[in-house]
Amino acid sequence: MTYSKYAGVPSLEDVRSRFDRWRRARRGKAPIPDELWSAAAAVARRDGVNPTAVALHLDGGKLKRRMAASGRAARKEPPAAFVELLAPGQARSRSHLPESTLELDGRNGKLRIHFQAATAPELAILSRALWDLVR
């Protein structure tokens, strides 16, 4: 069985008909409801911002900002408390290898790396990659 991350996303036609119903029923200059923005953002993630904005008669810039805002809210998951990465060969005999701990502390939080037999350039690359992920 295959899984699609867009399985629950409504079709563009469905969202367009919802927007059309809302536009016919609204009074004056009522703002677009959050529910419709969310549906439009979901379709735009799947089909692209510009085609979705054109089809739904929306401002593409505003749709893009709404997508970014909903993406940030959706990503508020707690970070992994512990991740262990073993290089090939290290899993067999680790007891005789020199080990160290590298701790990075900044405005985004703390990063602690405990390692064995790693070179300084390897640690610099790894720590930069991991540190940039938490931004």
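Closest heavy-atom contact between G60 and A53: CA-CB, 3.8 Å. The two residues A55 and L12 make their nearest non-hydrogen contact at CB-CD2, 3.8 Å.
For the pair D34 and R66, the minimum side-chain heavy-atom distance is below 4.5 Å.
To the nearest 0.5 Å, atoms CG (L58) and CG (L63) are separated by 6.0 Å. Put simply, CZ on R46 and OG1 on T52 are 8.0 Å apart, with the number rounded to the nearest 0.5 Å.
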Only pairs under 3.5 Å count here: list side-chain donor-acceptor contacts from residues 15-25, not counting sequence neighbours, and write none if there are none.
from	atom 1	to	atom 2	distance (Å)
R16	NH2	E13	OE2	2.8
S17	OG	E13	O	3.4
S17	OG	D14	O	2.8
R23	NH1	L56	O	3.1
R23	NH2	L56	O	2.8
R23	NH2	H57	O	3.2

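Every residue two or more places apart in sequence or in another chain was checked for a salt bridge (Lys or Arg N to Asp or Glu O under 4.0 Å) with D59, and none qualifies.
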